[in-house]
Amino acid sequence: MTGQDPTAEHETPEAQPADPARSGRNLLVVSGPSGVGKTTVCREVARRLGVVVSVSATTRPIRSGEVDGRDYHFISEAEFRRRIADGRFVEWADVFGRLYGTPVEELARASDAGEVLLLEIDVQGGIQVKKAFPDALAVLLVAPDVQALRRRLSGRGTEGPEEAQRRFAKAEKEIEMARLAGCYDAEVVNDRVEDAVRQVMELVEPRRNQA
Ligand code: 5GP
């Protein structure tokens, strides 16, 4: 997560201008540091509510078990940058040196289905979405405590100990950035997955029939 880090050398992405004709009431943003259990909570919320889950584009390498087009659209950096220039992302960010972005087509996919669109994106992306769509619902998922987050990151095994340490070091900074920006509507503590899922569902449900 470096794109909005003032000490970073990366450029800062600009939010796409809001389309006044398009409401963000059907957008659910879920952010939180890696290791906090975002994917598990999002998958469960999506399964129970039948919401559409946005498929991001990324330049990071595909991991074992992932499927191109289902988990992410895996594309080259050159292609990603072409798409930025063509205005094809709702938001994008540099996360751990790789680019991630929400394709504009995802918005249409959800509104065509009359459903809520769930965006599992980092805080930089969440801030951009809230700037473009102030009435989107943005939820920040946090770990119950620092030790729990460290345990989860080192036990995850999707990256080496160095990468896990790097992600841990960024985790608190990401939460701080979210709180400073003041644009997250709610914080949910992921202590027990079931409780976190229920809380997110309670926040989303009033909006579902208006999507
Ligand atoms: P991972 O590589 O572990 O799947 O994801 C790394 C981070 O990138 C996570 O915090 C995830 O939420 C975030 N991310 C995934 N897709 C997007 C996206 O489209 N935009 C932004 N801003 N972040 C994303």
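Whatever order the structure lists ligands and atoms in, that order sets their numbers, starting from 1. The structure displayed is predicted, hence computed values, not measured ones.
- Applying the 6.0 Å contact sphere to CZ of Arg43 captures no more than 12 heavy atoms from other residues, nucleotides or ligands.
- In this structure, Phe89 and Phe80 have parallel ring planes: the angle between them is below the 30° cut-off, well short of the 60° mark.
- Ligand-side atoms of ligand 1 in range of Glu120: 12 (O), 14 (N), 15 (C), 16 (N), range being under 4.0 angstrom from any heavy atom.
- Within a 6.0 Å radius of CD in Glu105, other residues, nucleotides and ligands contribute more than 12 heavy atoms.
- Here the side chain of Glu91 pairs a donor or acceptor atom with the backbone of Thr102 at under 3.5 angstrom.
- A side-chain contact (heavy atoms from CB on, under 4.5 Å) with Leu28 holds for exactly one of Val53, Val52, Val200; it is Val200.
- Between Phe96 and ligand 1, a contact under 3.5 Å exists for no N or O pair.
- Closest approach of Ile175 and Leu140 over heavy atoms only: CG2-CD2, 4.4 Å.
- Under 4.0 angstrom from ligand 1, the non-hydrogen atoms of Thr102 come from both its backbone and its side chain.
- Near Gly125, with a cut-off below 4.0 Å to any heavy atom, the atoms of ligand 1 are 22 (N).
- Residue Trp92 has no N or O atom closer than 3.5 Å to an N or O atom of ligand 1.
- Every residue meeting the side-chain contact (heavy atoms from CB on, under 4.5 Å) condition with Ala136, not counting sequence neighbours, appears here in chain and number order: Leu27, Val129, Lys130, Phe133.
- Nearest to atom 13 (C) of ligand 1 by heavy atom, out of Thr39, Val90, Asp122, Leu119, is Asp122.
- Atoms of ligand 1 lying under 4.0 Å from at least one heavy atom of Ala93, given by number and element, are 22 (N).
- Heavy atoms of Gly101 approach ligand 1 to within less than 4.0 angstrom.
- The two residues Pro103 and Val55 come nearest to each other via the heavy atoms CD-O, 3.4 Å.
- Within the 4.0 Å heavy-atom cutoff, Gln128 does not count among the residues contacting ligand 1.
- Interface atoms of ligand 1 facing Val95, defined by a heavy-atom separation under 4.0 Å, are 7 (C), 8 (O).
- Counting heavy atoms under 4.0 Å from ligand 1, residue Glu91 touches it through the side chain alone.
- Annotation for Asp135 and Arg207: closest pair O-NH1, 2.7 Å, computed over non-hydrogen atoms.
- Taking distance alone, with nitrogen or oxygen atoms compared against 3.5 Å, Lys38 approaches ligand 1 more closely than that limit.
- Heavy-atom contacts of Arg60 reach the following atoms of ligand 1: 1 (P), 2 (O), 4 (O) (cutoff under 4.0 Å).
- Residue-level proximity to ligand 1 for His73 is absent, since no heavy atom of it falls below 4.0 angstrom.
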